[in-house]
Enquirer: 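Encoded as structure tokens, here's the structure I'll be asking about.
Numbers here simply count residues along the sequence, with the first being 1. These numbers were taken from a predicted model, which means no experiment stands behind them.
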Amino acid sequence: MSVSGRMKRTSNSVGIIIDKDAEGFKGQVINRFGRETAEFEDLPGLFDLIEEVLDEVNYPAVKIQKRHFKHTEDATKKFKVDQDLEKIDVTELLPGNEGYILMVTGRDNATLQGALYIASEDKEYKFNGDVELVRLLNK
């Protein structure tokens, strides 16, 4: 089947590599606007990295903004997204035949919606929430 044309065209895709040998839920997220990677140590860390990339490209739009009482610059950002750079092909996000390509099409009700391509199965699955996404990542 390979990666869909829609997933190849959009800027809201990231590569995810999960370390199956590690204890817990660890791995890397690969930014599409460069070849830099950021590591996550747990499931909330994965979602933080995904949200960071989506916030930088400002797509898809967030429907619910988190309330902040202090306006401070977040020093913990792992990715710098330069949208003037040419996007790398999504198939280059994954080394070999392992990992996932995540395309987020919506961020409604404080959860993610979109499609997940599983390289080892060469299949794309749609999901409508964070729980469905986690189930797909644990396949």
Enquirer: Of the non-hydrogen atoms in L112 and D130, which two are nearest, and what is the gap between them?
Expert: N-OD1, 3.0 Å
Enquirer: Grab the two heavy atoms, one from P60 and one from V104, that are nearest each other, plus how far apart they are.
Expert: CD-O, 3.6 Å
Enquirer: So which atom in L93 and which in N31 form the shortest heavy-atom distance, rounded to 0.1 Å?
Expert: CD2-O, 3.8 Å
Enquirer: Within this structure, what is the CG-CG distance for the pair L102 and L46, rounded to the nearest 0.5 Å?
Expert: 8.0 Å
Enquirer: Looking at every non-hydrogen atom in both residues, tell me the closest pair between S13 and I101 and how far apart they are.
Expert: CB-CG2, 4.4 Å
Enquirer: Nearest heavy-atom pair of Y100 and L136: which atoms, and what distance?
Expert: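 Nearest heavy atoms, Y100 then L136: CE2-O, 4.1 Å.
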Enquirer: Does any non-hydrogen side-chain atom of T37 lie less than 4.5 Å from one of I17?
Expert: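 A side-chain contact is absent here, since even the closest heavy-atom pair is not under 4.5 Å.
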Enquirer: Show the nearest heavy-atom pair for residues D122 and Y117, with the distance to one decimal.
Expert: OD1-OH, 2.6 Å
Enquirer: What salt bridge (Lys or Arg N to Asp or Glu O under 4.0 Å) pairs are there with at least one residue in residues 104-116, not counting sequence neighbours?
Expert: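 Checked against salt bridge (Lys or Arg N to Asp or Glu O under 4.0 Å) - neighbours excluded - the pairs reaching residues 104-116 are E51-R107, D55-R107, K63-D108.
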Enquirer: Does any pair with a residue in residues 20-29 pass salt bridge (Lys or Arg N to Asp or Glu O under 4.0 Å), and if so which ones, sequence neighbours excluded?
Expert: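 Of all non-adjacent pairs touching residues 20-29, those that pass salt bridge (Lys or Arg N to Asp or Glu O under 4.0 Å) are K26-E41.
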Enquirer: Do D19 and F25 have side chains that approach each other closer than 4.5 Å (heavy atoms only, starting at C-beta)?
Expert: no
Enquirer: Would you indicate whether the side-chain heavy atoms of T111 and F127 approach each other to under 4.5 Å?
Expert: no
Enquirer: Going by salt bridge (charged side-chain N to carboxylate O under 4.0 Å, His left out), name the residues that satisfy it together with E98, two or more places apart in sequence or in a different chain.
Expert: none
Enquirer: After noting the C-alpha distance and the side-chain angles of N12 and M103, does the key distance pass the side-chain contact (heavy atoms from CB on, under 4.5 Å) rule?
Expert: CA-CA 6 Å; N12 54 329; M103 178 183 68; 4.0 Å; yes
Enquirer: Rounded to the nearest 0.5 Å, how far apart are CG of L43 and CG of N138?
Expert: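 The CG atom of N138 is 8.0 Å from CG of L43, to the nearest 0.5 Å.
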Enquirer: Do I50 and I16 have side-chain heavy atoms sitting under 4.5 Å apart?
Expert: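 They are in side-chain contact.
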Enquirer: How long is the straight-line distance from NZ of K126 back to CD of E132, given to the nearest 0.5 Å?
Expert: 12.0 Å
